[in-house]
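Okay, so here's the structure we're looking at.
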Amino acid sequence: MHNFIFQNPTKLVFGKGMISELGELIPAGKRIMITFGGGSVRRNGVYDEVTKALAGREWVEFWGIEPNPSIETLREAIALGRKHEVDFLLAVGGGSVIDGTKLISAGLRYDGDAWELVRKGAWFDTLPLGTVLTLPATGSEMNSGAVISRRETKEKYPFYSNYPRFSVLDPEKTFTLPEHQIAAGLSDTFVHVMEQYLTTTGQSRVMDRWAEGLLQTVIEIAPKIRADRHDYDLMADFMLTATMALNGFIALGVAQDWATHMIGHELTALHGLTHGATLAIVFNGTLRVLRDQKRDKILQYGARVWGIAEGSEEERIDRTIARTEEFFRSLGLSTRLSEEGIGEETIAEIERRFDASGAAFGEAKNVTGAVARRILEASL
Ligand code: NZQ
Ligand code: ZN
């Protein structure tokens with residue numbers, strides 16, 4: 001196990017009706033800016049519950065943070081926050097609203113253009129931020145990451161900042177999610193665990209078992225949720241699993257990969273594909289190309305998560321990779337680039353971008369432009 005220092009300061013406020021806690025969670029006297037997406041919160045009662053909980057408080061609202069939040073939109077939010085001299089931010093929505101608001105919280109404390117912060121990669125002088133999550137997927141509600149896009153140039157990059165002070169998670173508020181967003185959220189959760197688990201064996205028994213438990217939970221609940229999207233207990237497990245998958249708890253002292261994510265971000269930037277949908281395509285290619293480097297861990301994953309224990313090592317690896325692709329298909333997602341009409345032109349552009357930035361992703365830092373090309377070709 002590698003050395004580590006770990007602290008996750010986000011207060012998690014979980015369950016039915018818990019949005020009513022907001023009045024207690026946000027300190028009195030704060031000038032609040034509440035940020036939203038495109039309007040789903042008006043249709044599922046979240047907006048009404050938030051405003052009721054904050055009755056008597058002062059706030060301004062910023063609407064329109066889009067999926068894959070863009071710097072173009074976030075600049076407008078920063079300008080509004082400056083104008084009203086806000087000193088507390090409340091993000092209400094999915095990962096995109098929360099990610100975007102993390103950048104707003106940094107941008108409000110920075111004199112230059114906020115895109116400079118994205119390119120720096122991190123900025124920790126921020127306004128305090130709380131969240132109300134409506135979509136289980138990203139873990140943004142309990143981590144310090146964000147991913148910000150620039151429409152003008154079709155770019156998308158990770159950015160790190162402070163953790164939310166608190167996050168309110170009411171599983172009932174996920175009942176209005178469309179089927180595709182649920183599928184993408186399950187895929188994202190699954191691959192978050194994989195990016196921290198599927199590297200090498202023998203690093204930590206407890207991290208392995210924890211990760212395998214989260215994978216097994218996703219596998220167990222996915223078909224049930226697809227059959228009934230309004231079951232409170234299923235959505236509660238989904239929400240908590242998504243949070244636990246990317247709040248740092250399963251990454252303690254172990255190597256991490258993230259190559260699939262970095263390639264997936266390029267597919268979203270270039271084609272607008274939903275984040276979780278990109279992972280369902282790329283992850284299988286990553287397994288196929290890096291099967292030798294990851295062989296012992298693929299064997300462990302196959303045996304412990306899918307019960308694949310018979311046959312030669314090569315056969316077991318083949319079956320484990322096939323079973324993983326089947327799982328993504330069972331969510332109703334494409335698992336091949338060709339299904340999305342994506343081919344050589346995009347592969348060449350991603351290789352060019354990775355080469356230009358000197359990219360070397362993955363636990364072995366060997367996913368360069370050339371390896372990304374092989375992964376994408378294996379995903380065709
Ligand atoms: O905008 P509204 O109208 O609210 O609609 C949203 C949006 O259209 C809708 N939605 C959200 N909650 C709903 C709902 N519709 C009905 N009922 C509800 N309860 O869903 C659509 C997608 O929302 P979005 O926030 O974009 O989805 P998600 O939470 O998957 O976030 C995706 C973004 O997060 C980034 C992704 O790259 C992408 O930009 N990620 C952030 C991470 C992090 N901060 O740690 C890690 C992830 O790997 C990921 O990269
Ligand atoms: Zn993700």
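First listed ligand is number 1; within each ligand, the first listed atom is number 1.
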Decide, counting backbone as well as side-chain atoms, whether Glu195 has an N, O or S atom less than 2.8 Å from the Zn ion (ligand 2). no
Side chain, backbone, both or neither: the part of [X] lying under 4.0 Å from ligand 1 by heavy atom:
X      : result
Asn44  : side chain
Thr268 : neither
Leu177 : both
Pro178 : side chain

State whether the shortest distance between N or O atoms of Gly39 and N or O atoms of ligand 1 falls below 3.5 angstrom. yes
Please determine if Leu246 has a nitrogen or oxygen closer than 3.5 Å to a nitrogen or oxygen of ligand 1. no
Any idea which protein heavy atom is nearest [atom], and the distance to it?
atom                    : result
atom 23 (O) of ligand 1 : Leu135 CD1, 3.4 Å
atom 4 (O) of ligand 1  : Ser40 OG, 2.7 Å
atom 16 (C) of ligand 1 : Thr176 O, 3.3 Å
atom 38 (C) of ligand 1 : Asn68 OD1, 3.4 Å
atom 1 (O) of ligand 1  : Gly38 N, 2.7 Å
atom 47 (C) of ligand 1 : His192 NE2, 3.4 Å
atom 25 (O) of ligand 1 : Ser96 N, 2.9 Å
atom 12 (N) of ligand 1 : Thr134 OG1, 2.8 Å

Stepwise side-chain contact (heavy atoms from CB on, under 4.5 Å) test for Asn143 and Thr10: CA-CA 8 Å; Asn143 70 37; Thr10 303; over 6 Å; no
Is the shortest side-chain N to carboxylate O distance from [X] to [Y] below 4.0 Å?
X      : Y      : value
Glu220 : Lys224 : yes
Asp113 : Arg75  : yes
Glu377 : Arg288 : no

Check against ring-ring contact (aromatic ring centres under 6.0 Å, His included), Phe361 and Trp258: CA-CA 7 Å; Phe361 298 118; Trp258 298 107; over 10 Å; no
Begin from the C-alpha positions of Trp115 and Phe159 and carry the test ring-ring contact (aromatic ring centres under 6.0 Å, His included) through to its verdict. CA-CA 10 Å; Trp115 186 249; Phe159 165 75; 10.0 Å; no
Ring-face cation of Arg31 near Phe88 (centre distance under 6.0 Å, axis angle within 45°): no
Would Arg205 count as a cation-pi partner of Trp210, with NZ or CZ less than 6.0 Å from the six-membered ring centre and within 45° of the ring normal? no
Apex the Zn ion (ligand 2); atoms His261 NE2 and Asp188 OD1; angle rounded to 10 degrees: 120°
What atoms of ligand 1 come closer than 4.0 angstrom to any heavy atom of [X]?
X      : value
Gly95  : 25 (O), 28 (P), 29 (O), 31 (O)
Asp99  : 34 (O), 35 (C), 40 (N), 41 (C), 42 (C), 43 (C), 44 (N)
His261 : 48 (O)
Pro67  : 7 (C), 8 (O), 26 (O)
His265 : 37 (O), 50 (O)
Asp188 : 47 (C), 48 (O)
Lys156 : 36 (C), 37 (O), 38 (C), 39 (O)

Checking Tyr160 against Phe124 for the ring-ring contact (aromatic ring centres under 6.0 Å, His included) test, could you report, in this order, the C-alpha distance in whole Å, the side-chain angles of both residues, the deciding distance, and whether it holds? CA-CA 8 Å; Tyr160 293 89; Phe124 298 98; 8.3 Å; no
With Val305, which of Val218, Val193, Thr320, Leu215 fulfils side-chain contact (heavy atoms from CB on, under 4.5 Å)? Leu215
Once the angle between the rings of Phe327 and Trp306 is folded into 0 to 90°, is it parallel (under 30°), tilted (30 to 60°) or perpendicular (over 60°)? tilted
Is it the case that one hydrophobic cluster holds both Val132 and Phe62, taking links as side-chain heavy atoms less than 4.5 Å apart, direct or via other members? no
For a 4.5 angstrom cut-off between non-hydrogen side-chain atoms, does Tyr301 reach Met194? yes
Are the aromatic ring centres of Phe36 and Tyr47 under 6.0 angstrom apart? yes
